[in-house]
K.L.:
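Have a look at this one.
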There are 2 protein chains.
Amino acid sequence: MDSITIKDIARALDLSTSTVSRALRDSYEISPETKRLVLDYAKQFNYRPNQIARSLKENRSRIIGVIVPQIANNFFSEVINGIEAAAYLRGYYVFIFQSHESYERELVTLRQAIDRKADGLLISLSSSTSDVSLLQSLQEKKLPIVLFDRVSAELDVPCVTSDNFGGAFAATEHLIETGRRRIAHITIPSYISITQERLAGYRAALERYGLGYDENLVRYTDFGQTDVGPVINDLLTQAPDAFLAASDRLAISCLAALKKRNIAIPETVSLVGFTNTPVADLLDPALSAVEQPALEIGRMAAQQLIDLIEMKADTLRVGRISIPTRLVVRASSRLT
Amino acid sequence: MDSITIKDIARALDLSTSTVSRALRDSYEISPETKRLVLDYAKQFNYRPNQIARSLKENRSRIIGVIVPQIANNFFSEVINGIEAAAYLRGYYVFIFQSHESYERELVTLRQAIDRKADGLLISLSSSTSDVSLLQSLQEKKLPIVLFDRVSAELDVPCVTSDNFGGAFAATEHLIETGRRRIAHITIPSYISITQERLAGYRAALERYGLGYDENLVRYTDFGQTDVGPVINDLLTQAPDAFLAASDRLAISCLAALKKRNIAIPETVSLVGFTNTPVADLLDPALSAVEQPALEIGRMAAQQLIDLIEMKADTLRVGRISIPTRLVVRASSRLT
DNA sequence: TTGTATGCGTTATCAC
DNA sequence: GTGATAACGCATACAA
């Protein structure tokens, strides 16, 4: 796979490499004739600049490193689409890495991104990440970083997330307004940001409507956990009249558990999930959803990052950007 | 984001860059003391080799370019996981690109991969790709390429696919054996390889059992098409007693259409889809599936490609590797 | 308007 | 064992 280089063009046209280089970049100091000559030759022999050499020379790669826990997850793949779209518009390419929810993989992956000289990093933290000191040191070294979705308060970088609090609040409020009183919350690992924000929204809504917060109605699960059936069964012993599930997988598992027990939705128990699965509404027409603005999160995060990269304004402190979720009520859950 | 370089180490330790380079690569010609000195310093100041410089020098990037139509598709994201796993084991990294089912995007993306000096390419063709001449010329230039899933007969490169013929045959056979006679086939664009292979399997099974092939029972759809409802309705006018759907989306749409019309599955109509959606079985316990070995396809394809890259044996002609699918019958579709 | 020289970080080929 | 030097492909400061 050897391609033609500037040197080849220079030799063929009996010019110097610098002239060719300038002609190719359409520099004003090159005569029109020479430009034409070079450009024609380049096109004819399909010259393509070696981006590796360019990166080395210019000390920038025009690559954004994206680290997500999993690609095989509709939310993240949509976020990536958003990132890609925004990056494409501004001449950047996206290098995708997966941490597989493992802190070690996240580190390996982070180092790769740095070794490959990514111009900036877009990160959604793995669920097993508690130590962000490497990220902190990177940030101190002025590597542009933007966190999205799963963020960390210990890092002083721009963050783009769904309005998790608002989404959980709205969902809970909806359940309360339609007559529910014992709203269970089944959620993901307790130490990641989105869990806490959603829990806070859930709790705030309960308190707002004078319903006490009952920790017996809240259960945490692991991402790795394959079977959440037992946890749901355990919750069911608390006789809830509604579920707020913090992920696609949990919502769907709830659905399965309720069906298995012939518990009617929404007649007996209401179900709202934080779900972005495209077929969710087909699963059961009564599965309501807090839909996350995945594309928008990706777009915003990429824009933030590229702004950071290009301005190099380390003063630019945008802080947290929170994008509204959308509550899609698929069937009235009003108690009759 | 400036990291320490070999030069920095050399200066600090009053050595030459070549000595440092050799010490870092643990060359036998460097004295143990010097090695220790260099290695200690490197570790202390967290030296990391610049992969861009390395790539330029060695004319290889240890990067595999992967081009898929869409990431937000369970099949492809699983394939990517398989690729990543295999690549990781052999010291390669994966650069993921999406063609978004567009030929133009595929070209842009292809050029990016080349410009970034990917050591080899793993490609699943976009559905709008009919012209493979660029790929042909790349292949002639000895760029290692392996196709997977959506392949092309015009390209003389190794291919890794599901056994689409076998999968469709087995599914159709199952339907026939359980008493179905009018088996409709709703499928994806006609000109991509998997469509033709699946159609051939479907047809072969019909003929094997003495059922004629009726083209009125076959319908093609586009990937871009948002609403396939009309096509399904059209098929329903042919009074089929079974559906073989060629994708997740089509299977799910069939399901929705049947439910809407209160057509019982499998009592009235049987449904088998080429589906890998994790929640498919929850959608309807009667939705049977031809499951594709996504992980395995990814692994095999990556291994093939890395073999190609490393042996540089352009004689190595493995041809087509076809990995069995799995027919998962979720409810007996026997006619009573 | 064009050419010469230098450097990005690394490795390889020579010397010594 | 170690060091000087060149080279990968490109871009630019400086000459001419």
Side-chain angles (χ1 to χ4, degrees), chain A residues 1-39 41-42 45-63 91 111-112 114-119 141, chain B residues 1-39 41-42 45-63 91 111-112 114-119 141:
Chain A
M1 250 320 284
D2 20 77
S3 327
I4 164 180
T5 73
I6 281 189
K7 221 183 257 178
D8 297 323
I9 303 182
R11 210 175 309 130
L13 265 41
D14 201 28
L15 290 167
S16 75
T17 57
S18 40
T19 305
V20 175
S21 173
R22 279 183 280 232
L24 287 169
R25 333 219 104 263
D26 199 30
S27 160
Y28 63 95
E29 32 183 16
I30 300 293
S31 77
E33 309 96 273
T34 313
K35 263 187 202 169
R36 282 225 51 71
L37 218 59
V38 171
L39 259 31
Y41 190 93
F45 289 91
N46 193 29
Y47 167 78
R48 311 233 80 225
N50 181 332
Q51 296 297 341
I52 296 284
R54 216 151 162 349
S55 297
L56 181 61
K57 175 68 185 154
E58 301 196 321
N59 201 27
R60 55 179 300 204
S61 57
R62 288 186 178 78
I63 282 186
R111 293 198 204 284
Q112 265 298 314
I114 295 162
D115 296 349
R116 302 265 175 207
K117 302 294 164 193
D119 290 342
K141 285 184 189 162
Chain B
M1 248 319 288
D2 20 77
S3 327
I4 164 180
T5 73
I6 282 189
K7 222 183 253 179
D8 297 325
I9 303 183
R11 208 177 309 128
L13 264 42
D14 201 28
L15 290 169
S16 73
T17 57
S18 30
T19 303
V20 175
S21 173
R22 277 183 283 230
L24 287 170
R25 336 216 102 262
D26 200 27
S27 162
Y28 63 94
E29 32 183 17
I30 300 293
S31 77
E33 309 95 273
T34 314
K35 265 187 203 170
R36 282 213 43 72
L37 219 58
V38 171
L39 259 30
Y41 191 92
F45 289 91
N46 194 30
Y47 167 78
R48 311 232 80 221
N50 181 332
Q51 297 297 342
I52 297 281
R54 217 154 168 338
S55 295
L56 181 62
K57 178 67 183 155
E58 301 195 324
N59 202 27
R60 55 177 301 202
S61 57
R62 289 187 177 78
I63 282 186
R111 294 198 204 284
Q112 265 298 315
I114 295 162
D115 296 350
R116 302 264 176 208
K117 301 296 162 192
D119 291 341
K141 284 184 190 162

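What you see below is based on every heavy atom in this structure, not just the backbone, and it leaves out hydrogens, waters and symmetry mates. Chain letters run A, B, ... following the sequence lines, proteins first and then strands; every chain starts at 1. Nothing here was measured: the structure is a model prediction, and the numbers come from that model.
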K.L.:
Are side-chain heavy atoms of A/Ser3 and B/Lys117 found at a separation under 4.5 Å?
P.N.:
yes

K.L.:
B/Lys35 vs B/Asp26, test: salt bridge (charged side-chain N to carboxylate O under 4.0 Å, His left out). Steps then yes/no.
P.N.:
CA-CA 7 Å; B/Lys35 265 187 203 170; B/Asp26 200 27; 3.1 Å; yes

K.L.:
Is the shortest side-chain N/O distance from A/Ser16 to OP1 or OP2 of C/dG3 below 4.0 Å?
P.N.:
yes

K.L.:
Give, for atom CD1 of B/Ile52 and atom CZ of B/Arg116, the distance between the pair rounded to the nearest 0.5 Å.
P.N.:
7.5 Å

K.L.:
Taking the side chain as every heavy atom from C-beta outward, state whether B/Ile4 and B/Ile9 have any pair of such atoms under 4.5 Å apart.
P.N.:
yes

K.L.:
Distance only, no hydrogens: is a donor on one side chain within 3.5 Å (strictly under) of an acceptor on the other, for B/Thr34 and B/Ser31?
P.N.:
yes

K.L.:
Contact class for B/Ile52 (heavy atom, under 4.0 Å): base, sugar-phosphate, or nothing?
P.N.:
nothing

K.L.:
Enter the distance from B/Asn46:CG to A/Ile114:CD1 here, rounded to the nearest 0.5 Å.
P.N.:
8.5 Å

K.L.:
How bent is the helix from C/dT1-D/dA16 to C/dC16-D/dG1, measuring the angle between the end axes built from five pairs each, rounded to 10°?
P.N.:
50°

K.L.:
Base, sugar-phosphate or nothing for B/Thr34? Non-hydrogen atoms, less than 4.0 Å.
P.N.:
sugar-phosphate

K.L.:
Does a donor on one side chain and an acceptor on the other come within less than 3.5 Å for B/Ser18 and B/Ser21?
P.N.:
no

K.L.:
Do B/Arg54 and B/Gln51 come close enough that some side-chain heavy atom pair is under 4.5 Å?
P.N.:
yes

K.L.:
Starting at CG of B/Asn59, measure out to CG of A/Asn50 and round the result to the nearest 0.5 Å.
P.N.:
8.0 Å

K.L.:
Tell me if the CZ atom of A/Arg36 is crowded by more than 12 foreign heavy atoms within 6.0 Å.
P.N.:
no

K.L.:
Go through DNA chain D in 5' to 3' direction and return only the first and the last nucleotide with some atom under 4.0 Å of chain A's heavy atoms.
P.N.:
D/dC8 to D/dC14

K.L.:
Determine, for nucleotides 9-16 of chain C in 5'-to-3' order, which nucleotides have protein heavy atoms under 4.0 Å from the base (write B), from only the sugar-phosphate (write S), or from neither (write -).
P.N.:
BBBBBB--

